[in-house]
Colleague: 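Structure provided below as structure tokens; questions to follow.
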Amino acid sequence: MTNKTQAPSKSKVVEPTLDEYMERLSRLSGESKPAAILRWMGVSASSYSNWKRRGTIPYKTLVNVLIERRISLNWFFAPYAKLEVPVIRDATLQEGTQTYLQRQQLEKGSEREQVIKAYSDCRAILQRNNAQPSENNMRLMIDLYLAVGERVVQKEMVLEQLAQSLSTIDNNADDA
């Protein structure tokens with residue numbers, strides 16, 4: 001496996017450039033300068049200029065940093081693609097996949113626990129923003145909460161924005 005950027009294939013998938021990957025890393029790290037991003041990654045400051053000079057993308061480094069920071073590889077490498085978990089026919093691989101999926105379920109908790117947490121968090125956010133915890137508002141907030149999941153987008157930030165919008169709508173309806 002090589003880290004060199006390969007010639008474009010005949011498929012329509014366009015491989016991001018090093019600069020595009022650095023932009024994604026900038027959003028993740030909250031840093032704007034390459035040296036600060038590299039510090040966040042735990043990589044020497046000279047690495048970026050070496051990658052640029054050689055025309056390479058450090059996939060091994062990127063994957064290791066993302067996994068260490070529990071950031072979805074799917075989000076980072078294919079943010080706009082809807083990727084599926086493959087069906088594996090080999091028994092050994094299937095067993096490994098089942099173990100992985102079981103571990104994922106344990107980490108995330110049951111679906112019921114997620115909904116209960118979503119309800120509690122959403123109700124508190126609505127109250128902080130003086131929005132009515134009506135059935136419709138709660139449904140919107142919980143749907144958004146569950147849809148956002150653990151993506152890089154800050155769930156609380158999105159929910160705060162929604163609550164503020166709902167508050168404005170509720171206040172306007174009260175004034176009418």
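Source: prediction; values computed, not measured.
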Colleague: My understanding is that only residues two or more places apart in sequence, or in another chain, count here; which of them pass side-chain contact (heavy atoms from CB on, under 4.5 Å) with Arg39?
Modeller: Ala35, Ala36

Colleague: For Leu140 and Leu166, which heavy atoms make the closest approach, and how far apart are they?
Modeller: CD1-CD2, 3.9 Å

Colleague: What I'd like to find out is whether the side chain of Asp19 reaches to under 4.5 Å of the side chain of Lys52, using heavy atoms alone.
Modeller: yes

Colleague: Are the side chain of Gln127 and the backbone of Ala124 linked by a donor-acceptor contact shorter than 3.5 Å?
Modeller: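 No, because the side chain of Gln127 does not come within donor-acceptor range (under 3.5 Å) of the backbone of Ala124.
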
Colleague: So, using side-chain contact (heavy atoms from CB on, under 4.5 Å) as the criterion, who are the partners of Asn50 when residues are at least two apart?
Modeller: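 By the side-chain contact (heavy atoms from CB on, under 4.5 Å) rule, Asn50 matches Ser46, Arg53, Arg54.
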
Colleague: What pair of heavy atoms forms the shortest contact from Glu20 to Glu15, and how long is it?
Modeller: OE1-O, 4.4 Å

Colleague: Could you give the distance from CG (Asn137) to CG (Leu162), rounded to the nearest 0.5 Å?
Modeller: 8.0 Å

Colleague: Sequence neighbours excluded, which residues qualify as side-chain contact (heavy atoms from CB on, under 4.5 Å) partners of Asn74?
Modeller: Ser72, Leu83

Colleague: Would you call the rings of Tyr21 and Tyr59 parallel, tilted or perpendicular, taking 30° and 60° as the class edges?
Modeller: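 Ring orientation of Tyr21 relative to Tyr59: perpendicular.
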
Colleague: Pairs in or reaching into residues 127-147: which pass salt bridge (charged side-chain N to carboxylate O under 4.0 Å, His left out), with residues at least two apart or in two chains?
Modeller: Arg128-Glu156, Arg128-Glu160, Glu135-Arg139

Colleague: List the atom of Arg24, the atom of Pro16, and the distance in Å for their closest heavy-atom pair.
Modeller: NH2-CG, 3.8 Å

Colleague: Residues two or more places apart in sequence or in another chain: which of them pass ring-ring contact (aromatic ring centres under 6.0 Å, His included) with Tyr48?
Modeller: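 ring-ring contact (aromatic ring centres under 6.0 Å, His included) list for Tyr48, sorted by chain: empty.
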
Colleague: Taking atom CD1 of Ile37 and atom CE of Met22, what is their separation to the nearest 0.5 Å?
Modeller: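 So the CD1 of Ile37 and the CE of Met22 are separated by 4.0 Å.
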
Colleague: For a quick test of reading the model, state the closest non-hydrogen atom pair linking Ser26 to Ser32 and the distance between them.
Modeller: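 Looking at all heavy atoms of both residues, the closest pair is OG-CA, 3.9 Å.
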
Colleague: Using 0.5 Å steps for rounding, measure from the CG atom of Leu126 to the CG atom of Asp121.
Modeller: 11.0 Å

Colleague: If you measure from CD1 on Ile71 to CG on Leu25, what distance do you get to the nearest 0.5 Å?
Modeller: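 Result: 8.0 Å between the selected atoms.
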
Colleague: Are Ile116 and Met138 linked, directly or through intermediate hydrophobic residues, by side-chain heavy-atom contacts shorter than 4.5 Å (ILVMFWY only)?
Modeller: no

Colleague: Excluding sequence neighbours, so at least two apart, what forms side-chain hydrogen bond (donor to acceptor under 3.5 Å, both in side chains) with Ser47?
Modeller: Ser44

Colleague: Closest approach of Ser167 and Asn129, non-hydrogen atoms and distance?
Modeller: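 Closest heavy-atom pair between Ser167 and Asn129: OG-O, 2.9 Å.
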
Colleague: Should Trp75 and Leu66 be marked as a side-chain contact (heavy atoms from CB on, under 4.5 Å) after you check the CA-CA gap, both sets of side-chain angles, and the distance that decides it?
Modeller: CA-CA 10 Å; Trp75 174 85; Leu66 295 170; 5.9 Å; no

Colleague: Just jot down the side-chain contact (heavy atoms from CB on, under 4.5 Å) partners of Ala118, sequence neighbours excluded, or say none.
Modeller: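 Ala118 satisfies side-chain contact (heavy atoms from CB on, under 4.5 Å) with Ile142, Tyr145, Leu146 once adjacent residues are dropped.
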
Colleague: What heavy-atom pair brings Met41 and Val65 nearest, and what distance separates the two atoms?
Modeller: O-CG2, 3.5 Å

